[in-house]
Trainee: 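Please see the structure below; I have some questions.
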Amino acid sequence: MAEQVPHALEFLSTQPRVRDLLARAVTQGKLSHAYLFLGAPGAGKTETARALAECVVCPKGGDGSCDECIRVKHGTHPDVKFYKPASATGYLVSQVRELIDDVSLAPVRSSVKVYVLEQVGTLRGSAANALLKTIEEPPEGVMFILIARSAAAVLPTIVSRCQQVPFSVVSTGAAEHSVELSSGMAGREARIALAVAGSPDRAAEYLASPERQQVRHLMVRALAQLDRADSWDVLVSAQEIVTAVKAPLASLKEAQEAAVGESSDFLAASALRKIEDANKRELTARERSGMMEALSAAESLLRDVLLRCEGIDEPIVNEDVLDVVERLASLTSAKGVLDALAAVRVAADALSHNVVPQLALETMLLCVKEALTCPPSYR
């Protein structure tokens with residue numbers, strides 16, 4: 001008899017082995033205290049970690065609709081913490097110490113606390129050793145979910161303490177089909193969403209968010225107008241995109257503040273500060289994620305322009321703005337597009353090193369303008 005799949009894990013249709021493994025562990029009460037999710041970007045590892053956290057803190061095992069599940073989805077559940085490297089070289093020792101201190105505290109709303117650490121391949125030295133001891137001997141009711149591209153990138157001592165969960169590479173066709181099933185959008189919309197958001201579940205969320213789609217619209221418009229834009233126009237376009245990226249974060253910030261308010265009566269000031277710091281990190285991470293989607297939209301459009309410049313007879317992704325693709329292709333050369341794509345990659349690297357989003361985007365647009373042989377003009 002097939003194992004019943006919790007609602008929170010149903011989206012994993014493109015990763016059936018992962019779905020079934022985790023579903024069995026949840027329904028049979030045999031969850032590990034530490035998982036290591038392995039696979040390429042876009043495979044859905046972070047989204048799966050969030051869904052598993054829903055199953056763990058939900059009193060119904062991940063129904064996807066209760067208050068606990070909604071808080072996990074919104075990133076406001078006080079017992080589910082997400083961590084990313086705080087520096088360009090990896091995790092800071094202070095981050096791991098903060099996590100270890102938090103592990104010793106009792107849960108706020110649930111009977112279990114979940115810690116999700118992304119990019120654990122960057123965990124080294126003292127930070128890795130400190131975390132290792134906690135993973136080896138965790139308190140009752142604590143779960144770790146570590147995320148990395150491959151086990152080879154993670155310290156062997158950490159790998160040996162975790163249950164490895166490999167994620168397979170999702171084919172383009174399977175990804176599109178998954179988006180179509182979960183969003184109700186077909187063909188063109190699904191391809192655009194995947195190009196912008198990356199994984200099928202994030203693509204479905206993108207299609208349900210007019211604010212995130214507006215970011216793409218503004219990026220396409222900014223690129224379309226570059227040949228007629230002066231430096232001021234470029235700065236205004238960058239500001240509009242950054243403002244649009246921040247727009248969906250307002251409701252998240254309100255939910256975070258409400259959750260902190262509910263906890264203020266029974267948590268110490270130091271614990272509240274830690275929650276507030278975690279909330280700030282989450283807002284920063286969400287903003288960075290939104291900016292990366294904006295850059296992905298630019299990269300996707302420029303790749304379509306490159307296809308036209310090279311005369312390659314393949315379907316383009318951005319069919320809804322075919323006129324923009326063809327006009328830009330008529331203005332430039334394949335080399336110009338390649339240089340423009342390089343400028344997008346530089347901007348992405350700058351964002352990963354905590355460069356101010358506005359500055360990174362302004363610089364990128366000016367470099368793309370120059371690369372597409374649209375020399376700057378001045379008023």
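Side chains are part of it too, since the values below use all heavy atoms of this structure and drop only hydrogens, waters and symmetry mates. One is the number of the first residue; the rest follow in order along the sequence.
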Trainee: Please confirm whether the backbone N or O of Tyr35 pairs with a side-chain atom of Ser32, one donor and one acceptor, at under 3.5 Å?
Mentor: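 Looks like no, no N/O pair under 3.5 Å.
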Trainee: One pair to check against side chain to side chain contact (heavy atoms under 4.5 Å, CB included): Val120 and Ile158. What are the steps and the verdict?
Mentor: CA-CA 10 Å; Val120 291; Ile158 290 180; 6.0 Å; no
Trainee: Evaluate the criterion side chain to side chain contact (heavy atoms under 4.5 Å, CB included) for residue pair Leu52 and Val116; output intermediate values, then yes/no.
Mentor: CA-CA 10 Å; Leu52 181 58; Val116 181; over 6 Å; no
Trainee: Looking only at non-hydrogen atoms, find the nearest pair between Lys113 and Asp102 and report the distance.
Mentor: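 Closest pair (atom of Lys113, atom of Asp102, distance): NZ-O, 2.6 Å.
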Trainee: With a 4.5 Å cut-off on side-chain heavy atoms, are Val154 and Leu123 touching?
Mentor: no
Trainee: Do Val159 and Gln164 touch side chain to side chain, with heavy atoms closer than 4.5 Å?
Mentor: yes
Trainee: Strictly by ring-ring contact (aromatic ring centres under 6.0 Å, His included), give each pair with a member in residues 128-153 just once, sequence neighbours left out.
Mentor: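 Matches after skipping sequence neighbours: Tyr115-Phe144.
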Trainee: Please determine if Glu293 and Arg212 form a salt bridge, counting it only when a charged side-chain N lies under 4.0 Å from a carboxylate O.
Mentor: yes
Trainee: Say whether Val344 and Leu331 are linked into one hydrophobic cluster, either directly or through other cluster members, by side-chain heavy-atom distances under 4.5 angstrom.
Mentor: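 Hydrophobic grouping puts Val344 with Leu331.
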Trainee: With distance as the sole criterion, is a donor-acceptor pair present between the side chains of Gln239 and Thr243 under 3.5 Å?
Mentor: yes
Trainee: Is Leu223 close to Val324 at the side-chain level, that is, under 4.5 Å between some pair of heavy atoms?
Mentor: no
Trainee: Quick one: do Leu146 and Ile100 end up in the same hydrophobic cluster if we chain Ile, Leu, Val, Met, Phe, Trp and Tyr together by side-chain heavy atoms under 4.5 Å apart?
Mentor: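 Same cluster: Leu146 reaches Ile100 through Ile, Leu, Val, Met, Phe, Trp or Tyr contacts under 4.5 Å.
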Trainee: Calculate, to the nearest 0.5 Å, the distance between atoms CD and CZ belonging to Glu137 and Arg161 respectively.
Mentor: 10.0 Å
Trainee: Measure from the side-chain N and O atoms of Asp79 to the backbone N and O of Arg109, and report whether any donor-acceptor pair falls under 3.5 Å.
Mentor: yes
Trainee: Do the non-hydrogen side-chain atoms of Pro357 and Leu351 ever get within less than 4.5 Å of each other?
Mentor: yes
Trainee: Is there a side-chain contact between Leu295 and Met364 (heavy atoms, below 4.5 Å)?
Mentor: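 Result yes, sub-4.5 Å side-chain heavy-atom pair found.
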Trainee: Let me confirm one number: the OG1-CG distance from Thr27 to Leu22, rounded to the nearest 0.5 Å.
Mentor: 10.5 Å
Trainee: If only atom types and distance count, is the side chain of Lys84 paired as donor or acceptor with the main-chain N or O of Tyr91 below 3.5 Å?
Mentor: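 No; zero donor-acceptor contacts below 3.5 Å.
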Trainee: Going hydrophobic residue to hydrophobic residue with side-chain gaps under 4.5 angstrom, can you get from Met219 over to Leu322?
Mentor: yes
Trainee: Do the side chain of Asp63 and the main chain of Cys66 share a donor and acceptor less than 3.5 angstrom apart?
Mentor: yes
Trainee: According to a hydrophobic-cluster definition based on side-chain heavy atoms being under 4.5 Å apart (Ile, Leu, Val, Met, Phe, Trp, Tyr only), do Val142 and Leu132 belong together?
Mentor: yes
Trainee: Counting distance only, does the side-chain N/O of Lys73 pair as donor-acceptor with the main-chain N or O of Ala51 below 3.5 Å?
Mentor: no
Trainee: Please tell me if the side chains of Leu328 and Leu301 come closer than 4.5 Å, counting only heavy atoms from C-beta onward.
Mentor: yes
Trainee: Under 3.5 Å, is there a donor-acceptor pair linking the side chains of Thr46 and Glu118?
Mentor: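 Result is yes, a qualifying pair exists.
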Trainee: With sequence neighbours left out, which residue pairs that include part of residues 48-71 fulfil the ring-ring contact (aromatic ring centres under 6.0 Å, His included) condition?
Mentor: none
Trainee: Test of understanding: clusters of I, L, V, M, F, W, Y form through side-chain heavy atoms closer than 4.5 Å, transitively. Do Val368 and Leu338 belong to the same one?
Mentor: yes
Trainee: Scan side-chain atoms only and decide if Glu68 and Ser110 contain a donor-acceptor pair under the 3.5 Å cut-off.
Mentor: no
Trainee: Using a strict 4.0 Å threshold on nitrogen-to-oxygen distance, state whether Arg50 and Glu54 make a salt bridge.
Mentor: no
Trainee: Is any side-chain N of the basic residue among Arg188 and Glu319 closer than 4.0 Å to the acidic one's carboxylate O?
Mentor: no
Trainee: Among side-chain atoms of His217 and Gln214, is any donor-acceptor pair under 3.5 angstrom?
Mentor: no
Trainee: Any chance you could lay out the side chain to side chain contact (heavy atoms under 4.5 Å, CB included) test for Lys45 and Val165, step after step, and finish with the verdict?
Mentor: CA-CA 9 Å; Lys45 301 186 297 298; Val165 181; over 6 Å; no
Trainee: Is the number of heavy atoms from other residues, nucleotides or ligands within 6.0 Å of CZ (Arg327) greater than 12?
Mentor: yes
Trainee: Is it true that the NZ or CZ of Arg149 lies under 6.0 Å from the centre of Phe167's six-membered ring and within 45 degrees of the ring axis?
Mentor: no
Trainee: Do side-chain atoms of Lys60 reach the backbone of Cys55 as a donor and acceptor pair under 3.5 angstrom?
Mentor: no
Trainee: For the pair Asp304 (side chain) and Asn318 (backbone), establish whether a donor and an acceptor sit closer than 3.5 Å, ignoring hydrogens and angles.
Mentor: yes
Trainee: Salt bridge or not between Glu240 and Arg221? Use side-chain N to carboxylate O under 4.0 Å.
Mentor: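 The answer is yes: the pair qualifies as a salt bridge.
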Trainee: Using only atom types and a distance under 3.5 Å, with no angle test, would you say the side chain of Ser300 pairs donor to acceptor with the backbone of Ser296?
Mentor: no
Trainee: Roughly how far, to the nearest 0.5 Å, is CZ of Phe82 from NE2 of His77?
Mentor: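 The NE2 atom of His77 sits 11.5 Å away from the CZ atom of Phe82.
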Trainee: Restricting to non-hydrogen atoms, name the atom on Ala340 and the atom on Leu372 that form the minimum distance, rounded to 0.1 Å.
Mentor: CB-CD2, 4.1 Å
Trainee: Could you check whether Asp67 pairs with Arg71 (Lys NZ or Arg NE/NH1/NH2 to Asp/Glu carboxylate O, under 4.0 Å)?
Mentor: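 Result for this pair is yes, salt bridge flagged.
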Trainee: Using a strict 4.0 Å threshold on nitrogen-to-oxygen distance, state whether Asp339 and Lys335 make a salt bridge.
Mentor: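 Here Asp339 pairs with Lys335 in a salt bridge, since their nearest N and O are under 4.0 Å apart.
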Trainee: Should Ile192 and Val317 count as side-chain neighbours, where that means a heavy-atom distance under 4.5 Å?
Mentor: yes
Trainee: Would you check, one step at a time, whether the test side chain to side chain contact (heavy atoms under 4.5 Å, CB included) holds for Met291 with Leu361?
Mentor: CA-CA 9 Å; Met291 289 300 303; Leu361 196 53; 4.0 Å; yes
Trainee: Treating Lys369 as the side-chain partner and Ala229 as the backbone partner, does any N or O pair qualify as donor plus acceptor under 3.5 Å?
Mentor: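 Yes, Lys369 side chain to Ala229 backbone: donor-acceptor pair under 3.5 Å.
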Trainee: Are more than 12 heavy atoms from other residues, nucleotides or ligands located less than 6.0 Å from atom CZ of Arg17?
Mentor: no
Trainee: So, does Thr332 use its side chain to make a donor-acceptor pair with the main chain of Ala329 at under 3.5 Å?
Mentor: no
